[in-house]
Amino acid sequence: MVAFFALAPLFVYPVYLMKVMCFALFACAFNLLIGFCGLLSFGHAMFLGVAGYAAAHAAKVWALTPELAVLFGVACAALLGLVSGLLAIRRQGIYFAMITLALAQMVYFFFLQAPFTGGENGLQAVPRGRLFGLVDLARPGAMYGFVFAVFLAGFLLVWRIVHSPFGQVLKAIRENEPRAISLGYEVDRYKLLAFVLSAALAGAAGATKALVFQLAALPDAHWAMSGEVVLMTLLGGLGTLLGPVVGAGAIVMMHNHLAHLDSWVMVIQGVIFAVCVLAFRRGVVGEVAQRLRVPL
């Protein structure tokens, strides 16, 4: 994966690859929550959106450097994750999912009405700035390197979390929550921490995406984006590390090559989702891992 993203700019348009990495990080963040903790969120786009708007506002209005703008976006997403998590984790299953969806819609309409977000036009002409005051991110190569570093750091953080004792407890909660409680683990605290970590990583993706496209827009906070990240994760492989990256690449490629079909793209996505659920329960990477008997 690292070799692919390091060499791909030689053959593929860099902005396209940066979009793939942003959505791959977003999908990895979502997978941390559902794939390893068993919590299905239908409102994860609110973290992508709030971080995008926060980073764009910080860079454009406050003239912060790009690294500080991204960190500010991550902090805002983590704070929103803490507040929404405290409310959502009180319930389980479909009730948890519907609470996150309701909160995400509240955030979406806030962005639509707030005076500083630009409404339906979003925040445009966001400056990329100079990284640490030295590296001009207006150059495509420098911007690509920055996005690649953010994506790789986020991916490694997910890998470390999954392979830590904390990650093992999350898997135990996913498999059998009553047994985890009987062993003495404070399940709600673990769930909340996983929710905040997932929100922060999704925020890193949203903040970076806002700098790449120099735009923070409403679609990033819409419920349809929450549905797309579910599809990315399921298509790639739920509970795998590489699955969300592959799923994000497939969905972005689909949007890119089928854009001329307009709204029919949603229909095609629905068909792919149905086929994946019926025929590839483990997703693409999950099925490959099962055949090779190697954890991916």
Side-chain angles (χ1 to χ4, degrees), residues 22-53 73-74 76-111 154 157-158 161-162 166-167 169-171 173-175 177 187-207 209 219-241 243-245 247-248 251 269 273 276-277 283:
C22 289
F23 280 111
L25 181 56
F26 183 35
C28 287
F30 179 76
N31 185 50
L32 176 64
L33 190 65
I34 185 175
F36 296 99
C37 194
L39 295 176
L40 173 59
S41 169
F42 279 155
H44 236 54
M46 63 178 164
F47 306 123
L48 187 78
V50 74
Y53 276 106
V74 171
C76 290
L79 180 60
L80 179 61
L82 177 62
V83 175
S84 56
L86 286 171
L87 296 172
I89 63 170
R90 297 171 182 270
R91 294 293 179 264
Q92 298 178 353
I94 191 63
Y95 302 105
F96 172 87
M98 296 310 295
I99 288 173
T100 57
L101 176 60
L103 292 172
Q105 286 301 97
M106 291 171 59
V107 171
Y108 171 81
F109 284 108
F110 170 78
F111 288 144
L157 179 59
V158 172
I161 290 171
V162 169
F166 172 75
V169 176
L170 293 184
K171 293 177 185 178
I173 294 172
R174 176 194 65 190
E175 296 298 330
E177 184 174 335
V187 169
D188 286 348
R189 180 180 296 181
Y190 280 90
K191 284 183 179 180
L192 179 61
L193 183 52
F195 195 86
V196 173
L197 286 170
S198 179
L201 286 166
K209 180 176 178 290
D220 286 347
H222 195 257
W223 64 265
M225 183 62 71
S226 297
E228 282 198 9
V229 75
V230 175
L231 180 57
M232 291 175 189
T233 307
L234 289 178
L235 180 60
L238 191 67
T240 63
L241 288 171
V245 180
I251 296 301
Q269 282 186 354
F273 181 80
C276 182
V277 170

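When reading the values below, keep in mind they use all heavy atoms of this one structure, side chains included, and skip hydrogens, waters and symmetry mates.
At least one donor-acceptor pair under 3.5 Å links the side chain of Thr100 to the backbone N or O of Phe42. When atom types are taken as modelled, the side chain of Asn31 and the backbone of Thr240 share a donor-acceptor pair closer than 3.5 angstrom. Side-chain atoms of Ser198 never come within 3.5 Å of backbone atoms of Ala194 as a donor-acceptor pair (strictly under, hydrogens ignored).
Note that CG of Leu40 is 7.0 Å distant from CD1 of Ile94, once rounded to the nearest 0.5 Å. One distance of note links CZ of Arg91 with CE of Met98; it measures 14.5 Å at 0.5 Å rounding. Between the CG atom in Leu32 and the CZ atom in Phe195 there is a gap of 11.5 Å [rounded to 0.5 Å]. Expressed to the nearest 0.5 Å, how far CG of Leu39 lies from NE2 of His44 amounts to 10.0 Å. Interatomic distance, Phe36 CZ to Leu238 CG, rounded to the nearest 0.5 Å: 8.5 Å. For the atom pair CG (Leu87) and CG (Leu192), the distance works out to 10.5 Å, reported to the nearest 0.5 Å.
Among residue pairs with one or both ends in residues 77-89, none qualify as side chain to side chain donor-acceptor pair (under 3.5 Å); sequence neighbours excluded. Every pair passing salt bridge (charged side-chain N to carboxylate O under 4.0 Å, His left out) that includes a residue from residues 190-199 is listed here, sequence neighbours excluded: Glu177-Lys191.
Between Ala200 and Ala78, the closest heavy-atom pair is CB-CB, 4.1 Å. A pairwise comparison of heavy atoms in Gly203 and Ala77 identifies CA-CB, 3.6 Å as the closest pair. Heavy atoms only, all atoms of each residue included: Phe96 and Ala88 are closest at CD1-O, 3.2 Å. Considering all non-hydrogen atoms of both residues, Ala51 and Gly73 come closest at CB-O, 3.4 Å. Contact record, Cys28 with Val245: SG-CG2, 3.9 Å, taken as the closest heavy-atom pair. Considering all non-hydrogen atoms of both residues, Ser226 and Ala45 come closest at OG-N, 3.0 Å.
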Could you give me the CA-CA distance, side-chain angles and deciding distance for Ser41 and Ile34, then say whether side chain to side chain contact (heavy atoms under 4.5 Å, CB included) is met? CA-CA 8 Å; Ser41 169; Ile34 185 175; over 6 Å; no
Side chain to side chain contact (heavy atoms under 4.5 Å, CB included) between Met225 and Phe23, worked out: CA-CA 10 Å; Met225 183 62 71; Phe23 280 111; 3.5 Å; yes
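Looking at Tyr53 and Val107, their side chains never come closer than 4.5 Å, going by heavy atoms from C-beta outward. Counting only heavy atoms from C-beta outward, the side chains of Ile173 and Tyr190 approach each other to under 4.5 Å. Two residues are said to be in side-chain contact when any heavy atoms from C-beta on lie closer than 4.5 Å; Phe166 and Leu193 meet this criterion. Within the 4.5 Å cutoff, the side chain of Arg90 has no heavy atoms near those of the Tyr95 side chain.
A ring-centre distance under 6.0 Å is not found for Phe30 and Phe47.
The ring pair (Phe, Tyr, Trp, His ring centres under 6.0 Å) test with His222 is passed by exactly one of Tyr108, Phe109, Phe111: Tyr108.
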